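See structure below.
Letters A, B, ... are given to chains in the order of the sequence lines, protein chains preceding strands, and every chain is numbered from 1. This one's a predicted model, so the numbers in the text were calculated from it and none came from an experiment.
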Amino acid sequence: MAQALVQVRGVSKSYYRDSLEIPVLRNISFDIPEGEFLALMGPSGSGKTTLLNLISGIDQPSGGDLVVAGENIARMSEGQLAKWRSQHIGLVFQFYNLLPVLTAFENVELPLLLYKLSKADRRKRVETALTIVGLGDRMDHYPRQLSGGQEQRVAIARAIVTDPTLLLADEPTGDLDKVSAEEIMTLLSRLNKEFNKTIVMVTHDPRAAEKAHSIRNLDKGELA
Amino acid sequence: MLMNLIYRNSFRHKLRTILTVVGLAVAVMAFGLIRTVVDAWHAGVEAAAPDRLITRSSISITFTLPLSYKEQIEKIDGIKAVTYANWFGGTYVDASNFFAQFAVEKGNYFKVFPEFIISPEVMDAFNSNIKAVIVGQKLADRFGWKVGDRVTLIGTIFPGNWDFDVVGIYKGKDQTIDESTWFMRWEYIDETMKEQMPGRAGEVGWYGLQLADPSKAAEVSAAVDARFKNSSAETLTETEKAFQMSFVAMSGAILVLLTVMSWLIIGVILMVLVNTMAMTARERTSEYAFMKSMGFQGYHLWGMITGEAIVISLTGGLLGLALLAAIVNVLKAGLSAWFPVFKIQPLTWILVVALAIIIGLIASAFPVIKAMRMRIVDGLRVVD
Ligand SMILES: Nc1ncnc2c1ncn2[C@@H]1O[C@H](COP(=O)(O)OP(=O)(O)OP(=O)(O)O)[C@@H](O)[C@H]1O
Ligand SMILES: [Mg+2]
């Protein structure tokens with residue numbers, strides 16, 4: 001059997017408040033195969049965001065190994081991780097995190113600045129990404145000129161513009177109304193089906209989770 | 001694209017940036033103005049001729065020397081010519097109308113001080129009329145004097161009302177030469193003193209000595225002072241530059257104070273920008289965190305934050321220089337009596353631009369270090 005795209009092996013994570021250890025994740029192991037659309041669910045404070053952050057390499061585990069696309073990111077230095085993220089990870093958050101001074105086009109272009117690409121190549125990629133999310137006609141709009149749902153679609157375009165190995169979303173519909181949330185879920189599901197993107201999504205919303213292939217539940221730092 | 005981001009970030013909070021820039025500009029203007037005044041003070045010293053010595057009383061510039069020294073100085077080796085002059089110190093209409101008044105030896109003085117351009121006709125008129133006066137172009141402009149005017153000064157050192165005939169207006173041979181001096185005849189004072197206070201006749205404020213060879217300045221001055229050692233009026237002979245410096249030194253304490261002030265202003269500028277950058281960086285914490293999550297690294301953040309600080313400080317600096325140029329232009333006319341050369345020195349321009357960049361670097365250092373050290377997960381948890 002082929003190796004899974006993401007292998008989580010005995011991962012634990014603790015935070016320290018003063019010298020007090022607060023365990024957040026305990027000995028977690030599971031695989032995410034390529035092309036998967038996984039929903040992570042669980043009560044608030046169960047460690048969903050923490051786990052997602054470990055997989056995306058913006059945080060590092062206290063113990064265990066995390067092999068993503070053949071590389072053990074639990075052992076990388078910060079500089080290596082930064083480079084690795086720019087090549088393999090697309091991130092989407094609840095509050096979009098667009099830069100307000102940049103247009104939709106420029107926001108999506110931002111991660112491409114870390115690549116050696118000509119301006120024309122960048123333009124082509126940005127236009128493609130924005131067209132996929134259905135905002136080909138809003139490229140010159142600033143975030144404040146867009147609705148919440150549109151902002152989140154720009155954020156998704158930005159996450160996919162580098163064609164990452166993994167698309168990771170933390171409550172992408174958490175701040176949206178029902179209709180916009182529905183549109184975002186349809187978009188993510190399309191990205192998974194049509195473009196074969198591997199997606200891990202944290203969500204509280206059972207309706208959103210329905211669109212995923214599989215659901216994993218976290219409870220008190222352990223997989224249920 | 002990143003340049004664009006830096007530029008747009010700089011003007012994101014328009015009001016805050018404008019207030020900061022205006023604050024910086026006013027401070028830079030004050031800094032530049034102080035420097036310009038201090039430079040103007042020193043300009044007279046820089047204009048001093050290297051081939052001239054000034055001999056004065058060793059006690060103080062306010063003590064006089066006897067006229068008889070002239071012949072004795074002329075005999076000393078290495079001296080080409082000797083002339084003499086005195087302060088007059090009169091008041092024109094009102095004490096606030098200050099300008100320098102020199103009573104000079106007829107004929108000879110302007111040979112030793114050839115930087116004042118005077119036509120032969122004017123020279124003749126000066127030499128043949130004991131009440132003659134030659135005034136500088138700027139001084140004539142200031143009081144509207146023309147050749148042929150009769151002007152009265154009230155003496156302070158030499159009491160009484162003194163009438164003068166304006167026989168000519170001189171110009172400096174270049175920009176650094178003072179054009180606001182009043183040159184009258186030394187004999188006018190002397191003749192009057194002979195009549196009214198014989199004890200004060202034959203007094204000379206200082207001698208101007210022209211050297212045959214400027215490189216012999218040290219030996220010649222030593223020889224002059226040795227000549228009058230142990231006499232009732234000992235002398236102090238120095239280069240014209242050193243002599244001018246002793247005037248500057250009188251105001252030395254003020255100059256030091258001004259210079260200290262100008263650097264304090266730079267300190268204030270730095271604090272203003274430090275404050276602005278700290279506020280800005282705090283608000284952008286989650287943005288910096290997100291950029292790091294995308295793979296941007298420390299040096300990218302450094303470029304962004306420092307770039308922004310430099311954009312602001314340079315804008316303030318350049319605006320300040322523009323204000324400075326305007327104000328110097330306005331003040332120049334009014335200050336010409338004190339400062340023949342009142343202009344912004346190139347070093348001031350360079351200094352302002354260099355300091356703007358350095359201040360930008362320093363002001364952003366703390367936010368940069370904070371942003372670099374910040375853990376992404378912590379930065380992302382900050383919701384604005
Ligand atoms: N940087 C941190 N420092 C200290 N404690 C932290 C930190 N990040 C998370 N925690 C703690 O770890 C636990 C899990 O947090 P996490 O954000 O992963 O939960 P979550 O499942 O995503 O919750 P939610 O559904 O509310 O987003 C919580 O108790 C939280 O307080
Ligand atoms: Mg969470």
Side-chain angles (χ1 to χ4, degrees), chain A residues 13 15 24 49-54 56-60 77-103 105-115 117 119 122-123 126 142-144 155 158-159 161-162 164 168 170 174-175, chain B residues 1-18 276-277 279-305 307-309 311-312 367-384:
Chain A
K13 177 74 184 175
Y15 287 109
V24 176
T49 296
T50 305
L51 180 56
L52 198 74
N53 289 345
L54 294 179
S56 66
I58 62 177
D59 201 0
Q60 289 195 290
S77 71
E78 246 188 76
Q80 288 171 319
L81 264 180
K83 190 139 192 281
W84 179 84
R85 284 196 301 272
S86 71
Q87 290 164 348
H88 293 289
I89 299 294
L91 287 168
V92 177
F93 294 103
Q94 182 174 358
F95 297 108
Y96 334 128
N97 288 75
L98 301 178
L99 299 195
V101 290
L102 300 182
T103 62
F105 182 96
E106 291 163 337
N107 266 292
V108 176
E109 189 183 9
L110 207 53
L112 292 179
L113 298 178
L114 293 167
Y115 286 72
L117 285 175
K119 215 178 148 117
R122 287 207 304 265
R123 169 159 283 277
V126 172
Y142 285 91
R144 63 169 186 282
R158 178 177 59 187
V161 75
T162 56
L168 302 168
D170 194 349
D175 200 44
Chain B
M1 165 72 189
L2 275 181
M3 279 312 293
N4 215 343
L5 178 58
I6 288 169
Y7 179 78
R8 282 190 223 166
N9 269 338
S10 306
F11 293 95
R12 189 139 139 198
H13 283 275
K14 284 212 176 54
L15 184 64
R16 181 195 300 163
T17 303
I18 288 170
T276 300
M277 288 316 295
M279 280 205 286
T280 301
R282 193 160 42 239
E283 288 167 5
R284 311 239 172 104
T285 307
S286 65
E287 282 174 33
Y288 297 147
F290 187 77
M291 290 196 69
K292 281 171 91 164
S293 80
M294 284 193 287
F296 285 92
Q297 299 199 29
Y299 58 91
H300 294 112
L301 294 182
W302 178 81
M304 267 179 63
I305 302 171
E308 185 172 341
V311 165
I312 294 175
V368 167
I369 292 170
K370 237 175 102 173
M372 281 180 174
R373 290 216 181 131
M374 166 187 65
R375 296 173 60 237
I376 297 170
V377 285
D378 293 335
L380 286 172
R381 286 161 74 92
V382 179
V383 178
D384 36 23

A:Asn53 (side chain) donor-acceptor with A:Ile58 (main chain) under 3.5 angstrom = no
Among all residues two or more places apart in sequence or in another chain, which pass the side chain to side chain contact (heavy atoms under 4.5 Å, CB included) test with B:Pro367?
-> B:Met277, B:Ala281, B:Ile305
So with a 6.0 Å cut-off around CH2 of B:Trp302, is the heavy-atom count from everything else above 12?
-> no
Side chain, backbone, both or neither of A:Leu110 within contact of chain B (heavy atoms, under 4.5 Å) | both
By a 4.5 Å heavy-atom criterion (distance strictly below it), what part of B:Phe296 contacts chain A: side chain, backbone, both, or neither?
-> both
Ion pair present between B:Glu308 and B:Arg284, side-chain N to carboxylate O less than 4.0 angstrom?
-> yes
Can you run down the salt bridge (Lys or Arg N to Asp or Glu O under 4.0 Å) pairs that involve residues 77-96 of chain A, sequence neighbours left out, and say none if there aren't any?
-> none
Does B:Lys292 count as lying over the ring of B:Tyr288, i.e. NZ or CZ under 6.0 Å from the six-ring centre, within 45 degrees of the axis?
-> no
Where does B:Arg375 contact chain A at under 4.5 Å (heavy atoms): side chain, backbone, both or neither?
-> side chain
Chain B shares the most heavy-atom pairs under 4.5 Å, among A:Arg122, A:Glu106, A:Gln87, with A:Glu106
Proximity breakdown for A:Leu113 and chain B, heavy-atom pairs closer than 4.5 Å = side chain
Per-residue contact mode, A:Glu109 against chain B (heavy atom under 4.5 angstrom) | side chain
Which one, A:Pro100, A:Gly90, A:Ser56, leads in non-hydrogen pairs under 4.5 Å with chain B?
-> A:Pro100
Portion of A:Asn97 that has a non-hydrogen atom of chain B nearer than 4.5 angstrom = both
